[in-house]
Each structure stands twice: as C-alpha cells, then as structure tokens.
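Notes to accompany the following structure.
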Amino acid sequence: MLEKNISYSDDQAQAYDTISEILRSAGVDISNGMLEPHREGKTSIAAVIGKAGSGKTLLLAQLYHALKDTGMNIVSGDYEPKARKDRRTLAILAPTNKAASVLRNRGVPATTIHRILYTPMYDPEYEKIAEWLAGNGSRPEVEGVTDISLDRAHNFYASNASIPGALAAAGLRGSDFITGWKRREDPLDIGFVDESSMLDEKQLEDLKEIFPTLILFGDPAQLAPVNQSGAMVFDALPEKRRLVLSRVHRQTQDNPILDLAHALGDSTLQFSDFENMVEEAARRDERVVIGQRVDSDLMARSPVLVWRNVTRIKLIQAFRGAFDAPFEELLAGEPLICDGIELPIKHRKKRLDLEARGLIKGAQVVYLGLGRKPGFSRLHVIGAEQPQISAASIVKIEKPGEEEPFIPFAARMGATFLHGAAVTIHKAQGSQWDTVQVFAPDIYVAAKMNRTEAGTQLWKRLAYVAITRAENRLIWVVRNRLARPSGPLVVDDLTAEIPNFDLTMEPVEDQTDGIF
C-alpha cells in the first residue's frame with residue numbers, strides 16, 4: 001500500500017493507524033482497499049494537531065491517496081455525480097480559497113467549505129457531458145457541442161480533473177452549464193478539513209450535519225477565531241481523539257523559517273532575543289532577510305502582514321501613493337480583500353452565486369478593470385479554480401484618521417472589498433505565499449503590551465502565524481519605510497493561475513450576465 005513507501009515518524013504512524021481504525025469502523029478499510037456500504041447512525045470526529053513542519057499535510061495527502069485507492073468517490077465541489085446508495089464519498093476542505101489551492105498544488109483535490117455546503121445545479125444537457133467525464137455515462141451527443149469539443153473536454157479532464165475547466169475547454173461558459181446553487185440536502189460520508197484552527201463552532205456544526213466521519217487537521221499555535229476567546233474547535237475533543245504530531249526534523253531540516261517558528265514555543269523567550277535570532281538566521285541563510293523598508297512590488301501579490309489596523313491603513317495609502325494610484329479610481333493590478341456580500345435576503349440566490357465563484361469573506365482578489373456595467377469590476381480571485389470573473393462591486397479604501405472609507409466606485413449591492421496591499425495577521429491565516437513580509441514594529445508593540453491568548457504571549461502567536469505564511473522566503477521588516485516600486489502594476493502574471501485552455505472561450509466580461 002502507498003503508506004508503506006513513506007517513512008513516518010512514530011507519532012505520524014500512530015495517527016495514521018488511529019485514523020485507519022476510525023475509517024475501518026465506518027466501513028472503509030484502507031489497509032486492504034475494501035469498502036462496505038455506508039451504515040446510518042455511526043458518527044466519529046478526530047483531529048490531527050501539530051505545528052508547522054510536523055507533517056500534517058503529508059499525512060492528509062497519504063490518507064487521501066489510500067482512500068482514493070479503495071474506489072471512494074472524491075467530491076471536489078465543482079461537480080458531483082448523481083447520488084447512488086452504494087457510493088462512498090470523500091471531500092477534502094479548507095476554510096479559504098487560498099488554503100484549498102495550497103492543497104491542490106500538492107496534488108490533493110481540495111475545495112472550500114462553502115462549496116460543499118452549497119452545490120452547483122447543472123443544465124441537464126451539459127450534465128450529460130459531466131457524467132461522461134466522471135465515468136458514469138457513455139459519450140453524449142449534445143446539440144451545439146462537436147466531437148472535437150468533446151475530445152478537448154476529455155483531454156483536459158484527464159490531466160486536470162476539473163469539470164468546469166473541461167467544459168470551458170469545450171467552448172462553454174460557466175453561465176451556460178451552471179444554472180444556480182442550492183444548499184446541500186443529502187449528507188456525504190468522510191470529510192477532511194485542513195486549517196481547522198480557523199473553524200468556529202457554527203462551521204463545525206454545519207460540517208457535522210454533512211459528514212458522519214470528520215477528521216480535522218490544525219495547528220494549535222495559530223490564532224483562534226475572534227469570537228472564541230482563544231479556544232479552537234478541536235480543544236474540546238477527548239484526548240484520545242486529539243492526535244498530536246511533533247516536528248519531523250528529517251523532513252524540515254535546514255529550514256530557518258521553521259526553526260524561528262518553533263523557537264517561539266520557548267516560554268522564556270523575549271522579543272529582543274527573537275529579533276537577534278532573526279538577524280542571525282539572515283546572516284547565514286538567504287531565505288531570511290532583514291528588510292529596512294517594505295517592498296512595494298511584493299505588496300501587489302503578497303500583502304504585508306501587520307497586527308494593528310492603523311498600520312494596515314497607513315501602508316495601503318503608502319502603496320497607492322507609490323504607484324501613483326488616482327484617489328478616485330483603482331489601477332489594474334491593485335490587490336483587494338473580499339469583506340463579504342451586501343445583498344438583501346430576497347437576493348439569496350445571487351449571494352450564493354457570488355460566494356460559489358470564490359467571493360467569500362477573506363478571499364484575495366486582484367482588480368483587472370471596470371466591467372461592462374456601472375459598478376461592475378473584472379476580478380481575478382486568487383486560489384479559485386476558475387479565477388477570472390466579473391461582479392457587482394463595492395470597493396472601500398480606508399484613510400488614516402477617517403471613520404468612513406472612501407468609495408471610488410460602487411454598485412448598489414454586491415461583493416464588498418477592502419484594499420489588500422496589507423492585511424492583518426489574523427486574516428492571513430490559511431494562506432501562504434512564496435515570500436512574506438512581516439512588519440516587525442507591530443509585533444514589538446504587541447510584545448510591549450504583554451497580552452496573552454490561551455496561556456501564550458500574544459506577540460509569539462502573531463509572530464508564529466506571520467512567519468509560517470512564508471513558503472520559501474521571510475522578510476522581517478524593521479523600519480516604517482516603503483521602497484519605491486521598480487515599475488508600474490501589472491496583471492500578466494495572473495495568467496499562470498488560469499487553467500490551460502483558450503481564454504477567449506470564456507471571456508471575463510461575458511460572465512457578468514447571470515450574476516446580477
């Protein structure tokens with residue numbers, strides 16, 4: 001079996017065995033690749049808990065492959081084959097688009113929690129193509145879709161396993177084949193939830209209604225949801241269902257960023273000692289940098305991480321000034337953060353449509369330009385499986401010392417956005433970037449305040465979350481200065497995130513119809 005090709009640490013092996021037993025009691029035997037019919041009434045929940053570098057993602061990926069080898073149906077969120085009583089299902093979830101995309105980049109077909117709570121409704125004709133691609137039907141004949149188009153769809157799906165991407169490769173737009181969204185009515189089977197430290201009690205209850213067997217993966221050193229007083233949802237589980245992983249040194253050796261993150265676990269460590277450690281790491285390894293100024297070029301794709309809201313607003317204003325952004329409008333390439341959907345209850349279907357396209361609260365977005373209708377924006381949703389959309393937007397740009405934000409343009413209702421060149425460390429949870437800038441003066445202020453959260457000094461939790469957002473390079477910014485940009489804002493780099501098919505088949509602005 002696959003797990004035998006991996007050299008597990010003792011606690012990883014124990015966690016794997018415990019989860020295997022939980023799955024076996026639910027009728028899924030990953031050791032022998034056997035499935036039994038689902039049995040009603042049997043529920044189970046467990047959590048795999050560990051700090052950065054402890055191997056949580058490796059364990060999740062190996063469990064996914066083992067479950068896939070049993071023949072379980074993997075529910076991705078973009079399309080779900082028609083329900084069959086004999087089918088066992090697995091869904092792998094994350095709270096945000098970015099967190100889900102991190103898993104997808106590692107070969108694990110993750111989707112957001114929202115995309116599991118709400119499922120797409122397909123046009124019956126085009127659903128025939130989806131069923132065929134998923135292996136549940138014969139090659140269809142659909143009016144307006146040629147054999148060449150079906151071949152393109154089939155080839156795309158064989159390499160990407162995305163139904164919307166395959167249909168787009170066949171020349172269809174999302175508004176052609178997705179007619180709406182509905183709250184899930186039928187439960188699924190087994191759910192894996194990454195970044196579960198971000199879950200609140202309400203989200204956990206929603207997931208427990210859908211999944212009889214639920215495995216959480218989370219980091220206890222991160223910041224808890226703001227409404228839970230420092231507690232995380234897995235804290236209340238029985239001890240035997242909290243499977244704790246330690247750092248796996250052979251997998252994370254020679255990683256100065258993880259060394260710094262784990263050093264924060266020392267209860268005697270002072271802020272000045274930690275800064276000395278950062279400086280020492282920077283002297284011996286180019287992956288850690290002491291920044292004398294904030295890099296404005298990086299801010300366009302990787303926001304500066306701060307603690308205080310006032311710092312966030314000042315850095316955003318400095319960023320816009322550095323790129324000569326007009327006061328009354330946005331430039332193509334400016335980063336935004338979705339702050340929610342402002343729609344009356346009677347427009348619930350439109351809300352679901354926007355959220356299903358990736359515009360959930362906290363989603364990172366890049367502004368591409370004005371849409372065809374007043375108040376509409378063309379947007380690139382970072383981490384979304386189909387990232388380019390057009391939607392009615394309300395953009396708010398906050399200014400230092402002013403209670404009311406400036407709104408350069410707005411629809412009457414729609415998705416609301418704040419500027420995303422700088423974000424709070426709390427909002428950055430669940431995301432990762434290749435290079436991350438951490439604004440150290442804010443961490444110092446938190447250290448001087450001597451606040452604690454769940455028994456740990458707040459500045460250490462902030463520093464831990466901030467530096468572990470960096471995949472390869474950490475810039476520890478020590479001065480309140482902004483470097484001049486090397487050139488104007490661009491959007492050319494965003495095409496790398498778009499599925500490999502002819503973009504003229506699904507133009508961004510054409511998706512306006514059907515949203516509002």
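Sequential numbering from 1 along the given sequence is applied to the chain's residues.
At least one donor-acceptor pair closer than 3.5 Å links the side chain of Asp11 to the backbone N or O of Ser246.
In terms of the salt bridge (charged side-chain N to carboxylate O under 4.0 Å, His left out) criterion, residue partners of Glu36 (sequence neighbours excluded) are, by chain and number, Arg39. Every residue meeting the side-chain hydrogen bond (donor to acceptor under 3.5 Å, both in side chains) condition with Glu280, not counting sequence neighbours, appears here in chain and number order: Arg283. The salt bridge (charged side-chain N to carboxylate O under 4.0 Å, His left out) test applied to Asp189 returns Arg88, not counting sequence neighbours. Partners of Lys56 by side-chain hydrogen bond (donor to acceptor under 3.5 Å, both in side chains), not counting sequence neighbours: none found. Among residues two or more places apart in sequence or in another chain, the salt bridge (charged side-chain N to carboxylate O under 4.0 Å, His left out) test is passed with Arg139 by Asp147, Asp151.
Judged as a salt bridge (charged side-chain N to carboxylate O under 4.0 Å, His left out), the pairs with a partner in residues 207-223 (not counting sequence neighbours) are, in order, Glu205-Lys208.
Looking at Leu67 and Leu23, their side chains come closer than 4.5 Å, going by heavy atoms from C-beta outward.
Taking each heavy atom of Gly420 and Ile337 in turn, the nearest pair found is CA-CG1, 3.6 Å. When all heavy atoms of Leu245 and Ala15 are compared, the closest pair comes out as CD2-CB, 4.1 Å. Arg461 and Thr456 get closest at one heavy-atom pair: NE-CB, 3.8 Å. Nearest approach of Met299 to Pro335, heavy atoms of both residues: O-CG, 3.7 Å. Closest non-hydrogen pair, Lys460 versus Asp266, comes out as NZ-O, 2.7 Å.
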Show your reasoning for whether side-chain contact (heavy atoms from CB on, under 4.5 Å) applies to His380 and Val491.
-> CA-CA 9 Å; His380 184 100; Val491 296; over 6 Å; no
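Relative ring orientation between Trp476 and Phe271 is described as tilted, the plane-to-plane angle lying within the 30° to 60° band.
If you take CG on Leu474 and CD1 on Ile467, they are separated by 6.0 Å, rounding to the nearest 0.5 Å. A distance of 12.0 Å separates CG of Leu93 from OG1 of Thr96, quoted to the nearest 0.5 Å.
Partner of Val193 under the side-chain contact (heavy atoms from CB on, under 4.5 Å) criterion, chosen from Ile45, Val233, Leu207: Leu207.
Contact check on Asp259 versus Arg287 returns no salt bridge, with no Lys/Arg side-chain nitrogen under 4.0 Å from an Asp/Glu carboxylate oxygen. In this structure, Glu21 pairs ionically with Arg24, as a charged nitrogen and a carboxylate oxygen lie closer than 4.0 Å.
A distance of 6.0 Å or more separates the ring centres of Phe192 and Tyr64.
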